[in-house]
Number of protein chains: 2
Amino acid sequence: MSEKRTVTTRDIAEQLNLSVSTVGRALSQDPRISQETRARVEQKAGELGYVGNLAARLMRGAPSTVVGLMVPDVRNSFYSTAAHALTQSMGEGGYQVMLSQTDDDRDAELAQLRGLAAAQVAGVILVPSPNPRPEAVRLLRDLPNVQLLRHLDSIGHHWFGVDDRGVLREATQHLVDLGHRRIAFIGGQLGFSTSNDRLSGYRDALRGEVDESLVVHAPPSSVEEARRTVGKLLDRKDPPTALVTASVRTTEGVLQELTSRGVDVPTELSVVGFGDESGFSWWGPGLTTMALPVHEVATQCSVWLQRRIRSGGIKGPYGSSSHGYLVERGSTAAQ
Amino acid sequence: MSEKRTVTTRDIAEQLNLSVSTVGRALSQDPRISQETRARVEQKAGELGYVGNLAARLMRGAPSTVVGLMVPDVRNSFYSTAAHALTQSMGEGGYQVMLSQTDDDRDAELAQLRGLAAAQVAGVILVPSPNPRPEAVRLLRDLPNVQLLRHLDSIGHHWFGVDDRGVLREATQHLVDLGHRRIAFIGGQLGFSTSNDRLSGYRDALRGEVDESLVVHAPPSSVEEARRTVGKLLDRKDPPTALVTASVRTTEGVLQELTSRGVDVPTELSVVGFGDESGFSWWGPGLTTMALPVHEVATQCSVWLQRRIRSGGIKGPYGSSSHGYLVERGSTAAQ
DNA sequence: CTGAAAGCGCTAACAC
DNA sequence: GTGTTAGCGCTTTCAG
């Protein structure tokens, strides 16, 4: 860690008695430079450990090679999967990914966004918080961006996500097909575009025959709260015979509570989860759940943004919603 | 997404009939600027959506505000936890985190590192691949860096991780205390500093009474391979009565295999896992496992690097190893 | 084929 | 209190 001054084209030029411009051209494979000179320059560059200076290139108007990724919390498997796919795909396109976490807090979101804008990122992929600051929205207007999973019209109409409504329709339908009628819906925090869509899917499957007292929402990202919520539901004198969850965190909370109460699944209660964490298959009789193609969605998103950045064009609105699919394991049974 | 040219100090200056330097000073709270001018400048800046240009500042010699984080794969809960803590902690210190994934491939590692160096990052936190390219090591010599979890002397002596040896000693000791003697060790890929330490901890607890045929290693990150490996172990005519795992992925593979074989845990076999993924508590009777303070380690690491960057000093070697602790659930029983 | 010079946006000397 | 100037490292005219 000798912390030397970084080596510049000028260092190379001086040592070789050349001009900086020649060195620069040699390094950028300019055809006008003789083979020999180029070789000498490359040799010297390797020797000195020349790595270039992106900041300087940026200032010269070169396109930025970094894109921002804003997610609520990378520990959530949803977002870590997305981060993985994006970093991968972006890396293949020569981009670097700047990771920001918002915790779904609009002020944190704004602060991060300022940072990304100041860093001159080429674009931003974001999972928007429920209610972004107006300034955040303004900043996004000047940055190529795509929304991931969640979607806010105020930000734009470029979005890649899953068909949340269809996912919950399918989950609920599965229970209906098994003969269940008293099916509880445990959603995540209200206010996200996704929450509403998921609830709609649930209603779709039930065709209006919804007992509103069975529809509950757990507060944001709190496993504890999800546990309390499901507890209350089960303590009713007319408890539901089945249950669908509408977020990963909520699902985790529900599983914990059911385990600690020793509820007999699926005999006593059928359960369909949301998302497919590695642990879900181990839980009790194996959790029947809706698997979501997060990896694919993220990759599509990345590819689209790269094209968008390169073409520079303001192509019309574009969104893509991918479908989830039911993974049947042991947590559901006929009523 | 109007994609306008970004607004500069000069734009502000022109609109206000000031010089760029006045604007610059006003924006940086220079005391020499009159209240009134400052107010006008700030007003205009807000109006135009001025965000500054980090690249330009960087070129002027300002310290970089981005640090690189290099991990094998963010989907692994180990690394997503670390990424979370680091982004958080770095953010508080005003740093941004550039995320790179190496997949434990030395060439990917080198490529990413070149990118980070070119981006003039202020420092790098990395989980080194088993055998980095010499050029990668050279690049790291000129960058303030810390190693996370794994440790390679060739890179340096700044390291934050867990006491791997102690962790496996404790895991194994727990089984010994329960009366087990035929305890199998299923490690991850060899070649990592961590793998060796973990194996040493296992040997420690067994005080030399090790049946080498019970020591096996599963290839890198392959859940499938781990499954096959544990399968062979159980098919012996003198199978082990207990088993410790020495990596998160390996643990996942083992759990899957035990489930699909219907092995009766802990009656037939006692198991102690490695790491504490959310799903581990749901598995079968609940997995007894070694929990690791990854969040704390990562935070310490981040704080240390920030201090190191700011002080600029080449303080002597520094490492810190945090302790894991046993979480007793249902997967272990007396022999 | 190679060199000299200008300029990207910002800040820090150095004026006035 | 404010303006002028120079220069960070790089690319890109414009000259040889």
Side-chain angles (χ1 to χ4, degrees), chain A residues 4-42 44-45 48-66 114-122 142, chain B residues 4-42 44-45 48-66 114-122 142:
Chain A
K4 296 170 272 202
R5 202 179 50 72
T6 61
V7 7
T8 74
T9 46
R10 195 168 129 182
D11 297 325
I12 302 179
E14 281 176 357
Q15 296 211 21
L16 258 39
N17 274 321
L18 290 171
S19 71
V20 273
S21 31
T22 303
V23 172
R25 284 194 274 252
L27 255 20
S28 58
Q29 317 295 337
D30 189 304
R32 298 178 292 180
I33 299 300
S34 70
Q35 280 303 332
E36 192 217 330
T37 309
R38 163 142 69 235
R40 288 204 311 150
V41 169
E42 279 169 351
K44 202 65 176 176
L48 298 181
Y50 173 80
V51 283
N53 184 330
L54 277 182
R57 280 200 254 266
L58 238 190
M59 281 202 47
R60 284 283 313 154
S64 165
T65 61
V66 1
R114 283 215 192 91
L116 293 177
Q120 312 278 102
V121 294
D142 294 334
Chain B
K4 297 168 271 200
R5 199 180 51 73
T6 62
V7 10
T8 73
T9 45
R10 195 166 130 182
D11 297 325
I12 302 180
E14 281 176 357
Q15 296 212 22
L16 258 37
N17 274 322
L18 290 171
S19 71
V20 273
S21 36
T22 302
V23 171
R25 284 193 276 251
L27 255 20
S28 58
Q29 316 296 336
D30 191 305
R32 297 178 293 181
I33 299 301
S34 71
Q35 281 303 331
E36 194 217 327
T37 309
R38 163 139 74 231
R40 290 204 310 152
V41 169
E42 278 169 351
K44 201 64 172 181
L48 299 181
Y50 174 80
V51 283
N53 184 330
L54 276 181
R57 280 200 253 268
L58 237 190
M59 281 204 48
R60 287 282 310 144
S64 164
T65 63
V66 1
R114 281 215 193 91
L116 292 177
Q120 312 278 102
V121 294
D142 293 336

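Using a 4.5 Å heavy-atom cutoff, the side chains of A:R40 and A:K44 are not in contact.
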Grab the N/O contacts between the protein and nucleotides 8-10 of chain D below 3.5 Å, and write none if there aren't any.
residue, atom, partner, partner atom, Å
D:dC8, O2, B:M59, O, 3.2
D:dG9, N2, A:A56, O, 3.3
D:dC10, OP1, A:Y50, OH, 2.7
D:dC10, OP2, A:T9, N, 2.6
D:dC10, OP2, A:T9, OG1, 2.7

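Listed by chain and number, the residues in a side-chain contact (heavy atoms from CB on, under 4.5 Å) with B:L58 are A:A55, B:S64, B:Q120 (sequence neighbours excluded). Residues meeting the salt bridge (Lys or Arg N to Asp or Glu O under 4.0 Å) test with A:R60, sequence neighbours left out: none. Every residue was checked against the side chain to side chain donor-acceptor pair (under 3.5 Å) condition with A:E42, not counting sequence neighbours, and none meets it. B:Q35 is linked by a side-chain contact (heavy atoms from CB on, under 4.5 Å) to B:R38, counting only residues two or more places apart in sequence or in another chain. With sequence neighbours left out, B:E14 forms a side-chain contact (heavy atoms from CB on, under 4.5 Å) with B:R10. Among residues two or more places apart in sequence or in another chain, the side-chain contact (heavy atoms from CB on, under 4.5 Å) test is passed with A:A118 by B:L54.
The CG atom of B:N17 sits 12 Å away from the P atom of D:dT4 (whole-angstrom rounding). One interatomic measurement links the two molecules: CD of A:E14 to P of C:dG3, which rounds to 13 Å at whole-angstrom precision. A:Q120 has its CD atom 9 Å from the C1' atom of C:dG9, to the nearest Å. The CG-C1' distance, from B:L58 to D:dG7, rounds to 15 Å in whole Å. Note: CZ (B:R40) to C1' (D:dT2) measures 12 Å, nearest angstrom.
For B:R25 against D:dG3, a side-chain N or O and a base N or O form a donor-acceptor pair under 3.5 Å.
Close to C:dT2, at under 4.0 Å from its OP1 or OP2, lies a side-chain N or O of A:T37. Phosphate proximity of C:dA5 to A:S21: absent, as no side-chain N or O sits under 4.0 Å from OP1 or OP2. Between B:S19 and D:dG3, a side-chain N or O to OP1/OP2 separation shorter than 4.0 Å is present.
For CD of B:Q29, the number of neighbouring non-hydrogen atoms (other residues, nucleotides, ligands) closer than 6.0 Å is greater than 12.
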Which donor-acceptor pairs under 3.5 Å do side chains of residues 19-26 of chain A form with protein atoms, sequence neighbours excluded?
residue, atom, partner, partner atom, Å
A:S19, OG, A:S21, OG, 3.1
A:S19, OG, A:T22, N, 3.3
A:S19, OG, A:T22, OG1, 3.0

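Backbone-only contact: A:L18 has heavy atoms under 4.0 Å from sugar-phosphate atoms and none from a base.
Within residues 28-35 of chain A, no residue has any heavy atom closer than 4.0 Å to DNA chain D.
Contact between A:V7 and A:Y50 at its shortest, heavy atoms only, is O-CD1, 3.4 Å. Shortest non-hydrogen contact noted between B:T6 and B:D11 is O-OD2, 4.0 Å.
For the helix from C:dC1-D:dG16 to C:dC16-D:dG1, the rotation axes defined at the first and last 5 base pairs enclose an angle of 50°, given to the nearest 10°.
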